[in-house]
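Predicted model, so just to flag it, every value in this text is computed and none were measured.
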Amino acid sequence: MVFFVPHQDDEYLTFGLAILRASQTHDVHVVLCTDGSLDDTRNQLGSGKRCYLPELGKGRRIHFGRHRYDISVQEFIGIRDGEFRTGCELLGVRPNNVHIAPNRAVDGSLSPDLASEIIRDYLSTLPEAVVCTEVPIDCPLYDPNAPGYSDVYHSDHHALGNGARILFESGKITELIYYADPYYLQLFKNAAPHIDFKALVPNQTELGVLRKAAKAYRRWRPSRRQFAVAWHSASPLFPQVTGDWNNYFYRAPR
Ligand SMILES: [Zn+2]
Ligand SMILES: [Zn+2]
């Protein structure tokens with residue numbers, strides 16, 4: 001089972017439970033398909049302004065103080081890659097099965113063609129794999145005030161779904177499962193009312209693992225160049241905040 005994910009945090013936000021559950025019974029691989037370099041968190045961390053993150057309840061904060069950290073684009077990519085690898089491993093994926101596509105896209109520029117190419121490359125060594133990736137449903141986000149709104153964000157997600165769909169329709173993928181970003185589920189349902197999304201619902205044990213795995217995205221240790229990038233970038237989308245721990249999926253129809 002191979003999960004193709006757009007950015008460093010989507011493995012948790014969109015596929016976390018699916019990866020965790022599949023890891024118990026399957027050989028699971030996760031492939032990162034962009035470099036995540038455009039995320040504005042890099043600028044925020046160097047802005048000199050106070051941290052804008054809300055408390056995590058009971059007065060718990062990721063950190064206090066101002067954002068005074070100069071981080072180059074290359075370093076930022078590496079920091080995010082570290083969060084990605086740790087997150088996958090805490091979800092139960094073997095370290096050797098966590099991949100960064102050598103031809104990954106620069107953030108915001110993933111096309112369906114490149115997505116197909118990346119998927120095809122991995123399937124050449126894992127030909128019987130079940131492919132799991134984002135839904136190919138196009139639904140522009142009209143509300144710039146919506147949590148997680150970003151044009152960049154959305155186009156990479158959509159490109160992955162379409163890249164997989166093209167391969168599936170030409171018979172190069174035997175089984176394809178699409179996962180909807182849970183925080184946009186209603187948008188997807190509005191755009192494609194005929195699709196019957198299924199929910200994966202975590203049991204108590206899985207919930208415990210998911211809570212622990214989120215720590216990969218909240219590590220704040222500037223002396224070790226750990227900056228909780230995903231949490232700064234997308235905390236409103238995390239299940240700890242939305243309250244929705246489910247994953248949502250449907251199978252590509254024959
Ligand atoms: Zn993303
Ligand atoms: Zn901060």
Residues at least two apart in sequence or cross-chain that pass side chain to side chain donor-acceptor pair (under 3.5 Å) with R225, listed by chain then number, are E75

Sequence neighbours excluded, the answer for salt bridge (Lys or Arg N to Asp or Glu O under 4.0 Å) partners of R165 is E169

Contacts satisfying salt bridge (charged side-chain N to carboxylate O under 4.0 Å, His left out) that involve residues 11-25 (not counting sequence neighbours) are R21-E206

Angle class for the F3/F15 ring planes (parallel below 30°, perpendicular above 60°, tilted otherwise)?
perpendicular

Contacts of K212 meeting side chain to side chain donor-acceptor pair (under 3.5 Å) (sequence neighbours excluded), chain-then-number -> none

I119 and G163 have their tightest heavy-atom pair at CD1-C, 4.3 Å

For residues 89-122, the ring pair (Phe, Tyr, Trp, His ring centres under 6.0 Å) pairs (sequence neighbours left out) are H29-H99, H99-Y122

Those residues at least two apart in sequence (or on a different chain) that pass salt bridge (Lys or Arg N to Asp or Glu O under 4.0 Å) with D196 are K198

Residues passing the side-chain contact (heavy atoms from CB on, under 4.5 Å) test with A180, sequence neighbours excluded, are V135, L185, F188, F197, Y248

P112 meets the side-chain contact (heavy atoms from CB on, under 4.5 Å) criterion, sequence neighbours left out, with A159, N162, I166

Residues at least two apart in sequence or cross-chain that pass side chain to side chain donor-acceptor pair (under 3.5 Å) with R66, listed by chain then number, are none

side-chain contact (heavy atoms from CB on, under 4.5 Å) filter on R104, not counting sequence neighbours, yields Q8, L32, D35, I77, D81, I100, A101

- request: Please work out whether the ring planes of H232 and W220 are parallel, tilted or perpendicular, with thresholds of 30° and 60°.
  value: tilted

Sorted by chain and residue number, the side-chain contact (heavy atoms from CB on, under 4.5 Å) partners of H26 (sequence neighbours excluded) come out as M1, V28

Applying side chain to side chain donor-acceptor pair (under 3.5 Å) to E89 and not counting sequence neighbours gives none

